[in-house]
Number of protein chains: 2
Amino acid sequence: MSCGEKLAEELRRKGFRVTPQRGVILETIAHMGDHLSVQEVYSEARERLPGLNIATIYRTLESLHRAGMVDLFYPGSGPTRFTLRDPSAAHGHLVCTECEHVVDIDTDLIGRLVEEVAAETSFFIDPHHLTLLGICDACFQAGRGKRKIS
Amino acid sequence: MSCGEKLAEELRRKGFRVTPQRGVILETIAHMGDHLSVQEVYSEARERLPGLNIATIYRTLESLHRAGMVDLFYPGSGPTRFTLRDPSAAHGHLVCTECEHVVDIDTDLIGRLVEEVAAETSFFIDPHHLTLLGICDACFQAGRGKRKIS
DNA sequence: ATATTAAATGCAAATCTTTGCAACTAAGAA
DNA sequence: TTCTTAGTTGCAAAGATTTGCATTTAATAT
Ligand SMILES: [Zn+2]
Ligand SMILES: [Zn+2]
Ligand SMILES: [Zn+2]
Ligand SMILES: [Zn+2]
């Protein structure tokens, strides 16, 4: 069973219809890598399926996210980005708002943050692709974290 | 010294120019409350200063954010929202992606999360208006957190 | 195989957001 | 006060995203 067929099967199992468009979009993001913009997915997927409309990309990525197969990434500036979810290994990112640098965080740290929040609030933050904004070490050392506070 | 004058003073101290537009926008968000969309700020501020252009709202809110006077809120769906920062009491939110319910979190919990991340990664996440997406207790109890996984 | 139906798609219009540039102006210097 | 200059604004165009609706189609039942 191919990579695309597996994903289609999973989609169907979750109660979504499997269409040629969705198959192409899934294959596209599976092969293009992480943190793709809608426009990037669109130009690649349209080559594989001419006539594919960009509104379908928007709606499909939203559906795939609701299905838990695609993660969202808000990079602090610029458009939302999309990544195929790897259910076996949640990962996340710290994004520096001064220099745009991105630090990866792993399942363990994410797990501890989820627990800390759940213990106090009974709220379960989504461990998949957790993204936090702040100041990286280099920018903090350089005093850029203070942003010209007199 | 009025509320608006105080804010203008702070803006100037941080190296930004004080313009009538910025004064009006600051007053507007100070009086309208939290989590405002650009369009909401625009329609109110334009009443106070006719001719004010919406591109100025976008650029000003971005500047005020860089100045640390305005916090951003990504509600998981819909446009970014803006809130006047209260430097004396950082707050944050947990947003349920199933029911849109928003739970507030306080300075203490935020502080512990900041420490936990900093200890392991040397990255300082921004404590102001920290927002995390996930599943609220009610939705989790109702099984909606699992999203139809068979 | 055929019919049924709700979901998904394409299309175009509406809406929202960003950007380049000329004109304007706040802040500081003279 | 006047001059200078870099930051800011308005405007219009470009670009990105959402939405309504007619048409198509995947999934299920007959
Ligand atoms: Zn990632
Ligand atoms: Zn940095
Ligand atoms: Zn808030
Ligand atoms: Zn909920």
Side-chain angles (χ1 to χ4, degrees), chain A residues 4-5 7-26 28 35-46 48-67 69-70 72-82 147-148 150, chain B residues 4-5 7-26 28 36-46 48-67 69-70 72-82 148 150:
Chain A
E5 282 165 344
L7 293 168
E9 190 49 42
E10 187 181 349
L11 195 51
R12 191 162 6 231
R13 233 180 352 102
K14 291 186 175 172
F16 291 82
R17 287 191 182 172
V18 174
T19 66
Q21 290 86 346
R22 286 175 173 175
V24 165
I25 291 169
L26 271 171
T28 299
H35 305 171
L36 303 169
S37 70
V38 167
Q39 303 294 330
E40 286 164 352
V41 174
Y42 177 54
S43 37
E44 175 68 21
R46 193 179 37 172
R48 304 182 184 216
L49 188 66
L52 181 57
N53 193 277
I54 194 165
T56 302
I57 309 282
Y58 280 98
R59 287 187 283 221
T60 297
L61 288 173
E62 152 82 24
S63 297
L64 293 174
H65 175 59
R66 276 189 290 119
M69 298 175 68
V70 159
L72 272 49
F73 179 54
Y74 306 102
S77 70
T80 303
R81 293 179 168 271
F82 301 84
R147 291 171 173 168
K148 298 191 218 159
S150 75
Chain B
E5 283 165 344
L7 293 169
E9 189 51 41
E10 187 181 349
L11 196 49
R12 194 166 2 236
R13 238 182 346 105
K14 293 187 173 169
F16 290 83
R17 287 194 182 169
V18 174
T19 65
Q21 289 87 348
R22 286 175 175 174
V24 165
I25 292 169
L26 271 170
T28 300
L36 303 169
S37 69
V38 165
Q39 303 294 331
E40 285 164 354
V41 174
Y42 177 54
S43 40
E44 175 68 22
R46 193 178 37 172
R48 304 182 185 216
L49 187 67
L52 181 58
N53 193 278
I54 193 166
T56 301
I57 309 282
Y58 280 99
R59 289 187 283 221
T60 297
L61 288 173
E62 152 82 23
S63 298
L64 293 174
H65 176 58
R66 278 189 290 119
M69 298 175 68
V70 159
L72 271 49
F73 179 54
Y74 305 104
S77 70
T80 303
R81 292 179 169 270
F82 301 84
K148 297 190 215 157
S150 75

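Being a predicted model, the structure only gives us computed values, none of them experimental. Proteins get letters first, then strands, A, B, ... in listed order; numbering begins at 1 in each.
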With sequence neighbours excluded, residues passing side-chain contact (heavy atoms from CB on, under 4.5 Å) with A:Tyr74: A:Leu72, A:Thr80, B:Leu133

Should the side chain of [X] and the base of [N] be counted as holding a donor-acceptor pair, with the cut-off at 3.5 Å?
X       : N      : result
A:Arg46 : C:dG10 : no
A:Arg12 : D:dA27 : no
A:Arg17 : C:dA8  : no

Specify the separation, in whole Å, of atom [atom1] of [X] and atom [atom2] of [N].
X       : N      : atom1 : atom2 : answer
B:Ile57 : D:dC11 : CD1   : C1'   : 15 Å
B:Glu40 : C:dT17 : CD    : P     : 11 Å
B:Leu61 : C:dT17 : CG    : P     : 11 Å
A:Tyr42 : D:dG15 : OH    : P     : 14 Å
B:Leu72 : C:dT17 : CG    : C1'   : 14 Å

Distance check: side-chain N/O of [X] vs OP1/OP2 of [N], anything under 4.0 Å?
X       : N      : answer
B:Tyr58 : C:dT18 : no
B:Gln39 : C:dT17 : yes
A:Thr80 : D:dA16 : no
A:Arg22 : C:dA8  : yes

A:Glu9/A:Arg13 under salt bridge (Lys or Arg N to Asp or Glu O under 4.0 Å): CA gap, chis, key distance, verdict: CA-CA 6 Å; A:Glu9 190 49 42; A:Arg13 233 180 352 102; 5.5 Å; no

Side chain of [X] only, please: which of [options] is the nearest?
X       : options                : result
A:Thr56 : C:dG10, C:dT17, D:dT17 : C:dG10
B:Gln21 : C:dT9, D:dA26, D:dG10  : D:dG10
A:Asn53 : C:dT19, C:dG10, D:dG10 : C:dG10

Sugar-phosphate, base or nothing in reach of A:Ile54, heavy atoms under 4.0 Å: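 If one applies the 4.0 Å heavy-atom cut-off, A:Ile54 turns out to touch nothing in the nucleic acid.
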
Sugar-phosphate, base or nothing in reach of A:Ser63, heavy atoms under 4.0 Å: nothing

First of B:Gly78 and B:Leu52 reached from the 5' end of DNA chain D, by closest nucleotide: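 The residue closer to the strand's 5' end, by nearest nucleotide, is B:Leu52.
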
Residue mapping more 5' on DNA chain D - nearest nucleotide basis, A:Arg59 or A:Val18: A:Arg59

